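Structure, as structure tokens:
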2 protein chains.
Amino acid sequence: MRIGELAEKTGVSRDTIRFYERNGLISSSVSDSTTNNYREYKDDCVVILKFYAGAREAGMSIADLRSIMESTADSCDPEVGRRVIQSKISELKERAGQIENVIRFLEKVKNGAN
Amino acid sequence: MRIGELAEKTGVSRDTIRFYERNGLISSSVSDSTTNNYREYKDDCVVILKFYAGAREAGMSIADLRSIMESTADSCDPEVGRRVIQSKISELKERAGQIENVIRFLEKVKNGAN
DNA sequence: TCAAACCATGGATCATTGTCCATTGTTTTT
DNA sequence: AAAAACAATGGACAATGATCCATGGTTTGA
């Protein structure tokens, strides 16, 4: 599919998709046509971009996402890949714990520890 | 206390404290001295800055923190304040949910849904 | 066929969240 | 009293994560 359709399906803007692609988060092929050089995206790009959207909301950086993508590439030693992903999971759990702390603090403030 | 001591106690740098102060996240008085205009910070600044450090890690923005601070000010209707804080709590829970999703996704990838 | 919609590229711009630096003045320490 | 450490101010700089724009080409659909 082309970029417009991908943007449509994922809610991620064309500009942002191009930005992600420049930064190695997503890849595409060049269309077969000899008259244009439109990029062609595969179906799994939809899943990937939706994952990115959630991951960004969860606080992961572009660099985090890139390292995850690289760790799942065929060229990557699967053992290394698992370690990278496990470390990202740990960071996320850490962050979840922080969020819990902040929620507790705010609950206290709300209930008049003021 | 002065800014150096506050930085020391909280792990937040002088520059960052000044940045927060410029942005309405923290307040200080001017020292009594007639010879300098050093700022003077109260003890509760330590607690507040530590809260900020955790909250930033949890993904809250400066604007979020400012609105929380404003909502707990004496000048603010307590009812309004509680609503603001409740909405921030909801956002944090939302974010925690996102993190759970991302973790689940990564667990799957790690276990070879590759 | 011809306008409207789409695409690529490259660069500019923006907001956020700091950090760093120079300058100048004040305390503290020695 | 002189040096070292600290403080205020203001502006420059930086990284991140986008978004916007101009230009020029392509596809589509009315």
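It should be emphasised that the depicted structure is a prediction, and the values quoted were computed from it without experimental measurement. Naming convention: chains lettered A, B, ... in sequence-line order (proteins, then strands); numbering from 1 in each chain.
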Mind listing the N/O atom pairs, protein and nucleotides 15-17 of chain C, below 3.5 Å?
| from | atom 1 | to | atom 2 | distance (Å) |
| --- | --- | --- | --- | --- |
| dT17(C) | OP1 | Ile62(B) | N | 3.3 |
| dT17(C) | OP2 | Ile62(B) | N | 3.4 |
| dT17(C) | O3' | Arg56(B) | NH2 | 3.3 |

N/O to N/O distances under 3.5 Å, protein versus nucleotides 27-30 of chain C:
| from | atom 1 | to | atom 2 | distance (Å) |
| --- | --- | --- | --- | --- |
| dT27(C) | OP1 | Ser33(B) | OG | 3.1 |
| dT27(C) | OP1 | Thr35(B) | OG1 | 2.5 |
| dT27(C) | OP1 | Asn36(B) | ND2 | 2.6 |
| dT27(C) | OP2 | Thr35(B) | OG1 | 3.0 |

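Take Lys9(A) and apply the side-chain hydrogen bond (donor to acceptor under 3.5 Å, both in side chains) test, not counting sequence neighbours, and it matches Glu5(A). With sequence neighbours excluded, the residues that form a side-chain hydrogen bond (donor to acceptor under 3.5 Å, both in side chains) with Ser33(B) are Thr35(B). Applying the side-chain hydrogen bond (donor to acceptor under 3.5 Å, both in side chains) test to Asn36(A) and every residue at least two apart in sequence or in another chain returns Ser31(A). Taking Ser61(A) as the reference, Ala63(A), Asp64(A) meet the side-chain contact (heavy atoms from CB on, under 4.5 Å) condition, with sequence neighbours excluded. Residues that satisfy the side-chain contact (heavy atoms from CB on, under 4.5 Å) test with Ala58(B), not counting sequence neighbours, are Gln98(A), Ile99(A), Val102(A). Ala7(B) meets the side-chain contact (heavy atoms from CB on, under 4.5 Å) test with Arg14(B), Ile17(B); sequence neighbours excluded. The side-chain contact (heavy atoms from CB on, under 4.5 Å) test applied to Ser13(B) returns Asp15(B), Thr16(B), not counting sequence neighbours.
Sorted by first then second residue, the salt bridge (Lys or Arg N to Asp or Glu O under 4.0 Å) pairs that include residues 28-45 of chain A, not counting sequence neighbours, are Glu21(A)-Arg39(A).
Under the 4.0 Å criterion applied to side-chain N and carboxylate O atoms, Arg104(A) and Glu107(A) are not assigned as salt-bridge partners.
In terms of phosphate contacts, Arg14(A) brings a side-chain nitrogen or oxygen within less than 4.0 Å of OP1 or OP2 of dC7(C).
Going from atom CZ of Arg18(A) over to atom C1' of dC7(C) covers 6 Å, rounded to whole Å. Atom CD1 of Ile3(B) is separated from atom C1' of dT26(C) by 15 Å (rounded to the nearest Å). Note: CG (Asp15(A)) to C1' (dG10(C)) measures 12 Å, nearest angstrom. For the pair Glu8(A) CD and dC7(C) C1', the computed distance is 16 Å after rounding to whole Å.
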Output side-chain donor-acceptor pairs under 3.5 Å for residues 49-57 of chain A, partner residues at least two apart or in another chain, one line each.
| from | atom 1 | to | atom 2 | distance (Å) |
| --- | --- | --- | --- | --- |
| Tyr52(A) | OH | Leu25(A) | O | 2.4 |
| Arg56(A) | NH1 | Met60(A) | O | 2.5 |

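Taking the nucleotide of DNA chain D with the nearest heavy atom to each of Arg39(B) and Arg22(A), the more 5' of the two is matched to Arg39(B). For the pair Gly4(A) and Thr16(B), nearest-nucleotide mapping onto DNA chain C gives the more 5' position to Gly4(A).
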Query raised in the report: Which is it for Val46(A) and Met1(A) under the side-chain contact (heavy atoms from CB on, under 4.5 Å) test, yes or no, and what are the steps along the way?
Result: CA-CA 10 Å; Val46(A) 175; Met1(A) 85 195 76; 3.8 Å; yes
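In 5' to 3' order, the nucleotides of DNA chain D bounding all contacts with chain A (an atom under 4.0 Å from a heavy atom) are dG17(D) to dT27(D).
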